[in-house]
Participant: 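I'd like to ask you about the structure that follows.
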Amino acid sequence: MHRPVLLVIAHGSRDPRHAATVDALVRRARALRPGLRVETGFLDFDAPSVPQVLDRLALEGVRDVVALPLLLTRAFHAKADIPAVLDRAPARLNIRLADVLGPSPLLLATLERRLYEAGLSPADRSSTGLVLASAGSTDPEAIAVIAEIARELRHTGWCAVRPAFASAALPRTEDAVRELRAMGVRRVAVAPYVIAPGFLPDRIARGAAGADVLADVLGAAPELARLLLVRYDEARVRDGVPALSA
């Protein structure tokens with residue numbers, strides 16, 4: 001059966017760690033689904049750009065593409081930038097836009113993986129306060145999603161959970177850490193809810209200076225690679241095309 005090309009659309013960054021992490025994640029997704037063509041395009045800073053990838057695919061004779069925003073929430077890039085770029089794609093391409101990655105249980109599993117890799121264990125939950133530190137957004141829908149994820153995490157056994165934002169919204173990571181300390185929380189952990197390293201994740205790390213544990217970014221975790229394929233399959237099913245399992 002013909003498989004649409006999966007085009008992963010990443011934000012891009014001046015920090016070379018960003019593109020390296022995206023590349024590692026895409027390689028992991030390819031390994032999970034042999035035979036599926038997976039391409040990467042960037043909105044800014046890095047190459048190739050999304051228009052460059054789309055033009056190349058059209059010249060190669062590709063007809064069907066699933067465009068997947070490598071974004072955790074539906075904020076400005078998902079609502080405006082990416083649709084605008086796809087609207088200018090070559091007419092021969094049939095492009096289906098997949099949903100953003102979050103929210104998803106697979107993202108929460110990735111977050112917990114990183115916390116455990118940083119030294120916590122499941123037994124530490126009841127004595128640990130968690131700061132869910134995201135990049136931040138001016139979009140109320142995106143902020144509400146982060147707040148809801150924090151509430152969900154609170155119900156999984158952490159003694160307290162506070163959302164925090166590296167930009168555009170409050171509180172900042174350091175403020176959330178101080179709030180948990182003031183509550184008498186014995187151990188404080190910061191979990192960056194971001195995919196790849198860069199300017200804002202570095203700001204989160206600086207804000208975590210007063211915490212006991214700082215987890216790594218989500219990165220090229222196996223759960224996140226699986227989520228790329230879940231969103232790809234959902235886009236196919238939504239348009240009446242049977243999904244393919246990893």
Side-chain angles (χ1 to χ4, degrees), residues 9-13 15 18 21-22 43-44 68-85 97-112 114-115 128-156 158-183 185 188-211 214-219 221 223-224 227 230-231 234:
I9 300 179
H11 183 276
S13 171
D15 189 323
H18 176 91
T21 301
V22 172
L43 291 174
D44 207 353
L68 172 60
L70 196 64
L71 301 170
L72 299 178
T73 60
R74 273 184 47 78
F76 182 79
H77 292 303
K79 294 178 178 179
D81 285 349
I82 290 176
V85 170
L97 181 58
D99 290 334
V100 297
L101 299 179
S104 167
L106 287 169
L107 285 174
L108 297 185
T110 305
L111 198 78
E112 292 186 350
R114 296 309 187 210
L115 285 164
T128 302
L130 184 63
V131 177
L132 179 69
S134 76
S137 173
T138 57
D139 189 300
E141 179 184 348
I143 297 300
V145 167
I146 299 301
E148 178 59 29
I149 293 170
R151 284 191 290 270
E152 289 181 19
L153 285 167
R154 176 67 183 86
H155 293 146
T156 64
W158 303 98
C159 75
V161 182
R162 294 291 182 272
F165 307 93
S167 68
L170 296 174
R172 295 286 185 259
T173 303
E174 53 268 33
D175 298 327
V177 170
R178 281 194 291 268
E179 180 184 352
L180 290 172
R181 292 289 190 205
M183 292 171 54
V185 173
V188 176
V190 174
Y193 191 64
V194 292
I195 294 173
F199 176 76
L200 293 179
D202 284 349
R203 180 180 287 178
I204 290 171
R206 291 193 297 272
L214 172 62
D216 200 356
V217 298
L218 302 178
E223 297 88 351
L224 191 53
L227 183 54
V230 168
R231 293 292 185 251
E234 289 171 348

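Not measured: the values here are computed from a predicted model.
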Participant: The criterion is salt bridge (charged side-chain N to carboxylate O under 4.0 Å, His left out); which residues satisfy it with R178, sequence neighbours excluded?
Facilitator: D175

Participant: Return the set of residues passing salt bridge (charged side-chain N to carboxylate O under 4.0 Å, His left out) with E223 (not counting sequence neighbours), or none when no residue passes.
Facilitator: R113

Participant: Heavy atoms, side chains only, cut-off 4.5 Å: are L72 and L218 in contact?
Facilitator: yes

Participant: By side-chain hydrogen bond (donor to acceptor under 3.5 Å, both in side chains), which residues pair with T73, not counting sequence neighbours?
Facilitator: none

Participant: What's the shortest heavy-atom distance between T110 and A221, and which atoms?
Facilitator: CG2-CB, 3.5 Å

Participant: Could you grab the distance from atom CG of D44 to atom NE2 of H11, nearest 0.5 Å is fine?
Facilitator: 6.5 Å

Participant: Sequence neighbours excluded, which residues qualify as side-chain hydrogen bond (donor to acceptor under 3.5 Å, both in side chains) partners of R231?
Facilitator: E234

Participant: Apply the side chain to side chain contact (heavy atoms under 4.5 Å, CB included) test between P69 and each candidate in L101, I82, D81, L43; give the one that qualifies.
Facilitator: I82

Participant: Measure across A191 and A215 and return the closest heavy-atom pair with its distance rounded to 0.1 Å.
Facilitator: CA-CB, 4.3 Å

Participant: Take L115 and W158 through the test side-chain contact (heavy atoms from CB on, under 4.5 Å) and record every step on the way to the result.
Facilitator: CA-CA 12 Å; L115 285 164; W158 303 98; 3.8 Å; yes

Participant: Quick check: does any side chain N or O of R172 sit under 3.5 Å from a backbone N or O of A176, one acting as donor and the other as acceptor?
Facilitator: no

Participant: For residues 139-152, please give each side-chain donor-acceptor pair under 3.5 Å, one per line with the distance, not counting sequence neighbours.
Facilitator:
unit_1	atom_1	unit_2	atom_2	d
D139	OD1	K79	NZ	3.4
D139	OD1	E141	N	2.7
D139	OD1	A142	N	3.3
D139	OD2	K79	NZ	2.9
E141	OE1	K79	NZ	2.7
E148	OE1	R151	NE	3.1
E148	OE1	R151	NH2	2.8

Participant: What's the shortest heavy-atom distance between A168 and S137, and which atoms?
Facilitator: CB-C, 3.6 Å

Participant: Under 3.5 Å, which donor-acceptor pairs link side chains of residues 193-206 to any protein atom two or more places apart or in another chain?
Facilitator:
unit_1	atom_1	unit_2	atom_2	d
D202	OD1	R17	NH2	3.2
D202	OD2	R17	NH2	3.0
R203	NH1	A166	O	2.7

Participant: Write down the atom of L68, the atom of A98, and the distance for their closest heavy-atom approach.
Facilitator: CD1-CB, 3.8 Å

Participant: Filter on salt bridge (Lys or Arg N to Asp or Glu O under 4.0 Å), then keep only pairs touching residues 188-199, sequence neighbours left out; what's left?
Facilitator: none

Participant: Please enumerate all residues that pass salt bridge (charged side-chain N to carboxylate O under 4.0 Å, His left out) together with R114, with sequence neighbours excluded.
Facilitator: E117

Participant: Are side-chain heavy atoms of L224 and L107 found at a separation under 4.5 Å?
Facilitator: yes

Participant: Would you check if L111 and L153 make a side-chain contact, meaning some heavy-atom pair closer than 4.5 Å?
Facilitator: yes

Participant: Tell me which pairs pass salt bridge (Lys or Arg N to Asp or Glu O under 4.0 Å) where either residue lies in residues 161-170, with sequence neighbours left out.
Facilitator: R162-E179

Participant: Tell me the closest heavy-atom pair linking A10 and H18, and the distance in Å.
Facilitator: CB-NE2, 4.3 Å

Participant: What are the two closest non-hydrogen atoms of A208 and T173, and how far apart are they?
Facilitator: N-CG2, 4.0 Å

